Participant: 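A single structure is presented below for examination.
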Number of protein chains: 4
Amino acid sequence: MTDLREPARARASSAKRQRLMRAAAEVVHRQGAERTTIADIARAAEVPVGNVYYYFKTKDELVAAALSEHARRLGLLTERLDRLPEPRERLKGLIEGWVGQRDLAARFGCPTGTLAAELGKRDEGGLDAEAGAVIRLLLGWVERQFREMGLPDPGDLAITLVGAYQGMSLLANALREPQIMEREGARLLAWLDALPGG
Amino acid sequence: MTDLREPARARASSAKRQRLMRAAAEVVHRQGAERTTIADIARAAEVPVGNVYYYFKTKDELVAAALSEHARRLGLLTERLDRLPEPRERLKGLIEGWVGQRDLAARFGCPTGTLAAELGKRDEGGLDAEAGAVIRLLLGWVERQFREMGLPDPGDLAITLVGAYQGMSLLANALREPQIMEREGARLLAWLDALPGG
Amino acid sequence: MTDLREPARARASSAKRQRLMRAAAEVVHRQGAERTTIADIARAAEVPVGNVYYYFKTKDELVAAALSEHARRLGLLTERLDRLPEPRERLKGLIEGWVGQRDLAARFGCPTGTLAAELGKRDEGGLDAEAGAVIRLLLGWVERQFREMGLPDPGDLAITLVGAYQGMSLLANALREPQIMEREGARLLAWLDALPGG
Amino acid sequence: MTDLREPARARASSAKRQRLMRAAAEVVHRQGAERTTIADIARAAEVPVGNVYYYFKTKDELVAAALSEHARRLGLLTERLDRLPEPRERLKGLIEGWVGQRDLAARFGCPTGTLAAELGKRDEGGLDAEAGAVIRLLLGWVERQFREMGLPDPGDLAITLVGAYQGMSLLANALREPQIMEREGARLLAWLDALPGG
DNA sequence: AATGAATGAGTTTTCATTCAT
DNA sequence: AATGAATGAAAACTCATTCAT
């Protein structure tokens with residue numbers, strides 16, 4: 001009775017599109033892009049298969065949508081972390097976030113990393129580049145924190161930190177051992193603390 | 001006409017089996033397990049499609065064969081490295097090997113790591129465990145070197161080193177930047193040198 | 001605000017209907033009935049897809065509309081030609097009109113002829129008969145000219161002339177050679193001139 | 001018991017491929033390329049749908065196969081006609097062949113002509129050119145006969161004759177009147193007889 | 001009348017696996 | 001052991017038509 005007059009159609013459509021994006025992100029994370037069928041995503045989003053194509057013209061567009069959903073979530077996370085006063089604290093918050101996801105990571109890996117690995121095997125479509133772009137978002141944010149700390153080669157440090165995350169996710173996943181995330185997370189926190197800078 | 005025919009069947013079969021394993025390793029590395037068809041592997045191995053099933057009863061067995069081919073190669077590498085007198089030198093040799101593969105890694109990632117990531121999304125077949133086992137081989141060897149160096153927590157150190165390798169491979173691949181392998185490789189070498197122990 | 005709104009609905013509907021008919025004629029000529037989607041026509045007519053069904057209940061009705069649009073255009077042409085005093089001149093005008101369309105014909109064939117050929121393969125819906133009817137309009141008009149010239153078997157002559165047109169259009173189209181229209185057109189003009197009669 | 005030792009596989013495969021080509025030619029002639037499904041052709045050839053793709057990788061290849069089947073049949077016809085001593089007699093034989101097919105033509109048009117018209121609406125795939133090539137085969141043969149008769153502009157005469165055939169087929173088809181084929185056939189025979197030359 | 005969205009049946013295509021020699 | 005061929009179950013995608021306002 002309150003917002004009923006807002007454009008119902010646009011709302012519904014938007015909502016469905018969002019549902020599809022989220023379902024795509026989830027299902028693709030769990031099953032991989034190749035093993036995920038449109039029907040899987042449609043089912044997860046509770047949308048009839050035929051209707052999916054009204055919102056996304058091809059399966060690749062849905063995979064791209066999954067990627068931007070991950071980018072969006074990354075944006076939400078960094079936005080929250082940006083409220084912390086110290087860059088070092090922000091980075092530590094990031095790592096704690098990673099460790100907090102250890103069970104999911106040990107089961108399915110990093111959503112963006114595993115997707116990038118899978119898409120990297122293609123030589124058409126350009127989806128691989130889109131996956132790379134999402135990872136670059138993360139790298140960029142991390143680099144900014146290191147720069148703000150006044151450290152030299154913040155780009156390299158970002159590669160090291162994000163690389164460690166990707167590596168520990170992959171190992172935790174391959175060995176199905178969430179504890180790897182904990183141990184490596186602790187090591188990274190200590191490493192951060194040992195770094196000089198503000 | 002004398003000894004040439006004796007083990008003809010066995011020999012031929014063995015040779016073909018090997019060709020198929022190697023082809024599987026190569027093609028799966030480049031295309032991913034899911035996007036690789038039996039026909040792709042057969043073509044690469046120059047074996048008629050129908051004949052593949054004489055050697056491997058299912059596609060999964062071929063993927064497993066690709067994994068053991070990677071394990072075999074890892075074995076060859078560590079065997080060679082084991083001839084070095086110092087464990088620290090062996091580890092440095094390992095890292096140099098990784099960096100030497102930077103272009104391949106930047107294009108297709110680590111063969112075992114990307115395969116493990118892909119297979120990790122399955123919940124049937126147990127191939128994921130086999131991928132994990134290959135990675136464990138590497139971890140075990142690395143751990144032995146650290147232990148031989150007399151360092152505490154050699155298992156954790158192995159996770160850190162191998163994790164760094166997986167992470168830098170993934171980033172190099174996702175961003176298509178082989179230099180990442182060089183820079184991170186240099187960092188790892190310096191880290192090794194800075195470690196105490198024999 | 002006075003008379004502008006009176007027949008607003010009818011007027012608007014009429015205009016849209018006409019736009020749709022014309023778009024259907026054009027697009028179907030270029031793409032063929034089967035390859036043309038309702039959305040194609042809607043887009044060309046700048047009418048929202050859902051709205052098309054207000055004016056035409058089925059796709060077949062739209063194809064029929066394309067046919068009557070062609071009939072209408074034929075009517076305009078013959079009306080204009082009918083102002084010429086001599087039937088022979090009218091027929092020559094007709095041929096000149098065909099030749100004038102040589103580039104379009106070489107690209108897409110005769111609009112009615114190719115549509116008749118396509119619809120002729122159906123055995124339901126009766127659209128094939130409607131296509132035949134449009135061709136009969138042309139044949140009838142041509143026959144009247146020959147009759148007015150006092151020639152025997154004017155119906156057969158009409159078949160010959162219109163058949164020559166359809167044949168040259170098809171060949172020009174199949175070979176993508178507009179010159180065929182010119183050469184055959186010239187031959188037909190000479191043939192007409194050589195015929196006896198007023 | 002006679003030819004049993006000929007390579008059974010090759011024979012079977014060849015036979016099936018031929019069956020598919022013939023089925024494609026027939027069904028596409030009757031239904032048009034666009035309205036014909038792979039399943040239609042498979043059914044007509046009594047081949048399981050999935051197996052069709054062993055012989056033809058795409059539907060377009062099947063349509064191309066239909067075209068070359070028509071070319072093959074044209075070759076058989078002209079080969080037979082070439083045994084006639086006089087080029088004029090050969091051409092008359094050609095026309096008689098056309099008239100002999102009047103019922104089929106009145107129902108479905110000229111197989112090659114209608115297919116060319118349909119394919120001419122595409123702008124990708126190059127099938128339109130293949131259709132044109134088949135028509136060129138016919139034009140070339142006809143032109144050779146006119147040339148052998150010592151007539152000037154044999155190419156133009158060929159266009160006129162083949163054009164008349166295509167036109168009369170189209171009209172007979174559009175109006176569903178086989179008699180058109182007869183009347184126009186008779187006219188063409190008379191026209192041929194009236195031409196000078198050997 | 002108008003319109004974005006929804007629906008579902010149909011079509012092409014792929015491919016692991018099996019079959020028949 | 002070897003091999004071309006066969007099979008059938010998916011899967012992506014299309015589109016006429018209908019629906020809900």
Side-chain angles (χ1 to χ4, degrees), chain A residues 7-17 34-42 47-62, chain B residues 8-13 16-17 34-42 47-63, chain C residues 8-13 16-17 34-42 47-63, chain D residues 7-17 34-42 47-62:
Chain A
R9 266 174 253 144
R11 223 196 308 137
S13 123
S14 224
K16 226 181 217 184
R17 215 190 129 85
E34 217 64 50
R35 285 176 87 86
T36 296
T37 70
I38 301 271
D40 289 337
I41 297 172
V47 168
V49 194
N51 197 13
V52 173
Y53 286 88
Y54 183 78
Y55 296 96
F56 301 95
K57 273 192 286 296
T58 63
K59 184 182 172 182
D60 273 11
E61 276 192 25
L62 261 173
Chain B
R9 246 169 302 170
R11 218 194 314 127
S13 121
K16 260 192 195 173
R17 215 188 130 82
E34 217 62 50
R35 287 177 86 87
T36 295
T37 69
I38 301 272
D40 287 338
I41 296 172
V47 168
V49 201
N51 198 11
V52 172
Y53 282 84
Y54 180 75
Y55 299 96
F56 300 94
K57 272 195 288 295
T58 64
K59 183 181 174 182
D60 274 8
E61 278 190 24
L62 261 172
V63 175
Chain C
R9 247 170 299 170
R11 219 194 314 128
S13 120
K16 260 193 196 175
R17 216 187 130 83
E34 217 63 48
R35 287 176 87 88
T36 296
T37 69
I38 300 273
D40 287 338
I41 296 172
V47 168
V49 201
N51 199 11
V52 172
Y53 282 82
Y54 180 76
Y55 299 97
F56 300 95
K57 271 194 287 296
T58 64
K59 184 181 175 183
D60 274 9
E61 278 190 25
L62 261 172
V63 176
Chain D
R9 268 176 251 139
R11 224 196 309 137
S13 122
S14 223
K16 225 180 218 184
R17 215 190 131 84
E34 217 64 51
R35 285 177 86 86
T36 296
T37 71
I38 302 272
D40 289 338
I41 296 172
V47 168
V49 194
N51 197 13
V52 172
Y53 284 86
Y54 183 77
Y55 297 96
F56 300 95
K57 274 192 286 294
T58 62
K59 183 181 173 183
D60 273 12
E61 276 192 25
L62 261 173

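This is a predicted model, so every value here is computed, not measured. Each chain gets a letter, A, B and so on, in the order its sequence line appears, and its residues count up from 1.
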Participant: Check nucleotides 12-16 of chain E for protein N or O atoms closer than 3.5 Å to its own N or O atoms and list the pairs.
Facilitator:
from: dT12(E); atom 1: OP1; to: Ile38(D); atom 2: N; distance (Å): 3.4
from: dT12(E); atom 1: OP1; to: Lys59(D); atom 2: NZ; distance (Å): 3.4
from: dT12(E); atom 1: OP2; to: Ile38(D); atom 2: N; distance (Å): 3.1
from: dT13(E); atom 1: OP2; to: Tyr53(D); atom 2: OH; distance (Å): 3.2
from: dT13(E); atom 1: OP2; to: Lys59(D); atom 2: N; distance (Å): 2.8
from: dA16(E); atom 1: OP1; to: Lys59(B); atom 2: NZ; distance (Å): 3.2
from: dA16(E); atom 1: OP2; to: Ile38(B); atom 2: N; distance (Å): 2.9

Participant: Go through the steps to decide whether Glu61(B) and Tyr55(B) satisfy the test side chain to side chain contact (heavy atoms under 4.5 Å, CB included), and finish with yes or no.
Facilitator: CA-CA 9 Å; Glu61(B) 278 190 24; Tyr55(B) 299 96; over 6 Å; no
Participant: Working to the nearest 0.5 Å, report the span between CD1 of Ile41(D) and OG1 of Thr36(D).
Facilitator: 6.0 Å
Participant: Starting at the 5' end of DNA chain E, what dot-bracket string do you get if Watson-Crick and G-U pairs under 3.5 Å are bracketed, crossing pairs use [ ], other-strand pairs use | and unpaired bases use dots?
Facilitator: .||||||||||||||||||||
Participant: Looking at every non-hydrogen atom in both residues, tell me the closest pair between Ala42(D) and Val52(D) and how far apart they are.
Facilitator: CB-CG2, 3.7 Å
Participant: Looking at every non-hydrogen atom in both residues, tell me the closest pair between Lys59(C) and Glu34(C) and how far apart they are.
Facilitator: NZ-O, 3.7 Å
Participant: If you check every side-chain atom of Asn51(B), which of dA2(F), dT7(F), dT3(E) has the closest atom?
Facilitator: dA2(F)
Participant: Between Val52(C) and Pro48(A), which has a closest nucleotide on DNA chain E that is more 5'?
Facilitator: Val52(C)
Participant: dT14(F) P sits how many Å from Phe56(A) CZ, rounded?
Facilitator: 15 Å
Participant: Could you check which of dA6(E), dA2(E), dA1(E) has an atom nearest any side-chain atom of Tyr54(C)?
Facilitator: dA1(E)
Participant: Walk me through it: do Tyr53(C) and Ile38(C) pass the test side chain to side chain contact (heavy atoms under 4.5 Å, CB included)?
Facilitator: CA-CA 9 Å; Tyr53(C) 282 82; Ile38(C) 300 273; 3.8 Å; yes
Participant: NZ of Lys16(D) to CG of Asn51(D): how many Å apart, nearest 0.5 Å?
Facilitator: 4.0 Å
Participant: Can you tell me if Lys16(D) touches the phosphate of dA6(F), counting only side-chain N or O atoms and a distance under 4.0 Å to OP1 or OP2?
Facilitator: yes
